[in-house]
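Read through the structure below, which is laid out as structure tokens, and then see the notes.
The sequence lines fix the lettering, A, B, ..., with proteins before strands; numbering per chain opens at 1. What's counted below: heavy atoms across the whole structure, side chains too, no hydrogens, waters or symmetry copies.
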Amino acid sequence: MVSPYERQKELQIAKNKELLKSLGLEKPLFEPKEKPRKKATPQKRKRTDEDTENIEPSARKLQRAEDSSESGTLSIGLRRSSRNAGKAVDYSGERTLSSPQSVIRNKTSGNDGPMGREDGKRVHNPKTYGHIPGIAVGTWWLSRQDCSQDAVHAPWVGGISGGRQGAYSVALSGGYDDDVDLGYGFTYTGSGGRDLHGTKDKPKNLRTAPQSSDQSFEHSFNQMLKVSSETRNPVRVVRGFKLQSKYAPSEGYRYDGLYVVEKAFMEKGNNAKGYLVCRYVFKRLPDQPPLPVREDYEDLDSVEEPSAEED
DNA sequence: GGGCCCGCAGGG
DNA sequence: CCCTGCGGGCCC
């Protein structure tokens, strides 16, 4: 039996999915020169010492965790994402799934700094529109911090970064489970409407929290994205491992190139009280490397016929 | 596994 | 200086 709440969510998702499809966003605007890789390249290498060498810096960062647990090196990698618990972290596989140009950049190697940073300096300015020089589409980082250091998406926490001419970048991290991701187009939800302070008797100091009020375009971040839809400036898009999508990386964060904000509107969000959210439709710009697809992701694509599910 | 609370970067 | 924010590490 499906709860009315779930029902509403399904309808919402279906609606937005239709919206994306009606805009022709379920596929690349132009056929990429190179065929999209439907499957991970067969030659999925087993982890070797050489691979371990490559991920060493990130592992080093988690040294402390290792100190307090006797478990192997793999499990300290998993610690980072509880949602991926039980899954094997195959960094070499991650690379084969990514587009040809993809490259892993983890700079949080830090020999012994408190936060493991040895070079906190940014080479490029994140407050720009378009690609960051030297950062190929498909570049992958272990953490938002690394991504920020490469100037692709500056905030460590926030999903939206922007200025007066619109957003510079957004991060898709699955914070709103009614967002739809078709890869070449997706819906995105604005910020705000969350109670980060708790109540008076139970004060909190959170960075994220459940939806507890309406969002609005007055909100500066939401306004930036609305401006983006008018200026049509390109927005850098980063997909994170928490995103529920076959286009999400299984671990870490990946730069997926430039998109434009095609539409901006308000609608009821998928939250208990039906608070309003700011919703956006993003469209991927042409002439970019094909998006990697996770074949292991089970697409619960059962939303097509609302009347089909009776039992 | 879930809850808590932190530093930090950015925009106004 | 104020505030926010789709992280993340730690403690339980």
Side-chain angles (χ1 to χ4, degrees), chain A residues 58 61-69 75-86 106 108 110 113-117 120-122 124-128 141-181 186-199 202-213 215-216 218-225 227 235 237-245 248-249 251-254 269-271 277-280 282:
Chain A
S58 46
K61 182 185 178 190
L62 301 164
Q63 193 72 41
R64 273 171 295 165
E66 192 179 22
D67 289 341
S68 53
S69 82
S75 66
I76 64 174
L78 287 168
R79 246 177 151 270
R80 181 168 289 275
S81 61
S82 50
R83 314 238 176 150
N84 281 337
N106 288 317
T108 38
M115 284 304 281
R117 308 179 60 150
K121 289 159 298 209
R122 238 182 223 135
H124 295 286
N125 183 3
K127 294 191 250 182
T128 57
W141 303 268
L142 181 59
S143 74
R144 290 270 305 254
Q145 186 182 345
D146 296 319
C147 176
S148 174
Q149 215 170 79
D150 277 344
V152 171
H153 184 67
W156 288 19
V157 176
I160 305 168
S161 169
R164 294 207 144 251
Q165 300 290 339
Y168 308 122
S169 56
V170 296
L172 279 68
S173 259
Y176 297 85
D177 58 2
D178 50 349
D179 274 330
V180 179
D181 183 13
F186 61 86
T187 65
Y188 191 79
T189 305
S191 313
R194 300 174 184 231
D195 187 5
L196 304 175
H197 298 123
T199 59
K202 290 204 76 178
K204 303 199 173 190
N205 185 14
L206 300 172
R207 299 294 176 269
T208 64
Q211 201 77 26
S212 57
S213 61
Q215 294 186 352
S216 127
E218 306 294 306
H219 194 287
S220 61
F221 290 132
N222 299 340
Q223 197 169 41
M224 288 172 197
L225 280 179
V227 170
V235 181
V237 168
V238 172
R239 281 188 174 82
F241 67 93
K242 291 187 213 161
L243 178 65
Q244 293 294 307
S245 159
E251 190 75 4
Y253 299 86
R254 189 188 62 224
N270 172 38
N271 46 65
V277 296
C278 300
R279 202 84 74 179
Y280 307 89
F282 279 67

Exercise for the section: Kindly indicate whether the side chain of A/V170, heavy atoms from C-beta on, has any atom under 4.5 Å from the side chain of A/Y280. Expected result: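 Side-chain contact under 4.5 Å: no.
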
In whole angstroms, how far is the [atom2] atom of [N] from the [atom1] atom of [X]?
{"X": "A/H219", "N": "C/dT4", "atom1": "NE2", "atom2": "P", "answer": "9 Å"}
{"X": "A/Q223", "N": "C/dC3", "atom1": "CD", "atom2": "P", "answer": "20 Å"}
{"X": "A/Y253", "N": "C/dG7", "atom1": "OH", "atom2": "P", "answer": "5 Å"}
{"X": "A/M224", "N": "C/dC6", "atom1": "CE", "atom2": "P", "answer": "12 Å"}
{"X": "A/L243", "N": "C/dC6", "atom1": "CG", "atom2": "P", "answer": "14 Å"}
{"X": "A/L172", "N": "C/dG5", "atom1": "CG", "atom2": "C1'", "answer": "15 Å"}
{"X": "A/I160", "N": "C/dT4", "atom1": "CD1", "atom2": "P", "answer": "15 Å"}
{"X": "A/R144", "N": "C/dT4", "atom1": "CZ", "atom2": "C1'", "answer": "13 Å"}

Problem - Phosphate OP1/OP2 of B/dG3 contacted by A/K204 side-chain N/O (<4.0 Å) - result: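 So the side chain of A/K204 is outside the cut-off, no N or O lying under 4.0 Å from OP1 or OP2 of B/dG3.
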
Problem - A/G163 vs A/L206, nearer the 5' end of DNA chain B by closest nucleotide - result: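 Comparing both residues, the 5'-ward one is A/L206.
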
Exercise for the section: For A/V157 and for A/K127, locate the closest nucleotide of DNA chain B by heavy-atom distance; then report the residue assigned to the nucleotide nearer the 5' terminus. Expected result: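 Nearer the 5' end of the strand: A/V157.
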
Exercise for the section: Fit a plane to each ring of A/F221 and A/H219, take the angle between them on a 0 to 90° scale, and name the class: parallel (under 30°), tilted (30 to 60°) or perpendicular (over 60°). Expected result: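 Rings of A/F221 and A/H219: tilted, 30 to 60°.
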
Which part of the nucleic acid, if any, lies within contact of [X], taking any heavy atom under 4.0 Å across all strands shown: a base, the sugar-phosphate backbone alone, or nothing?
{"X": "A/G175", "answer": "base"}
{"X": "A/T189", "answer": "base"}
{"X": "A/G240", "answer": "nothing"}
{"X": "A/D177", "answer": "nothing"}

[X] side chain: which of [options] is closest?
{"X": "A/Y188", "options": "C/dG7, C/dC6, B/dG11", "value": "C/dC6"}
{"X": "A/S220", "options": "C/dC6, B/dC8, B/dG12", "value": "B/dG12"}
{"X": "A/P126", "options": "B/dG10, B/dC5, C/dG5", "value": "B/dG10"}
{"X": "A/S191", "options": "B/dG11, C/dG8, C/dG5", "value": "C/dG5"}
{"X": "A/S161", "options": "B/dG11, B/dC4, C/dG7", "value": "B/dG11"}

Problem - A/D181 and A/S245: side chain donor to acceptor below 3.5 Å - result: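 A donor-acceptor contact under 3.5 Å links the two side chains.
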
Exercise for the section: Go ahead and name the base partner of C/dC6; Watson-Crick or wobble counts if both distances stay under 3.5 Å, otherwise write none. Expected result: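 Matched C/dC6 with nothing under the 3.5 Å cut-off.
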
Closest heavy-atom pair and its distance - [X], [Y]:
{"X": "A/S169", "Y": "A/V235", "value": "CA-CG1, 3.7 Å"}
{"X": "A/R279", "Y": "A/T189", "value": "NH1-OG1, 2.7 Å"}
{"X": "A/Y253", "Y": "A/S173", "value": "CE2-OG, 3.7 Å"}

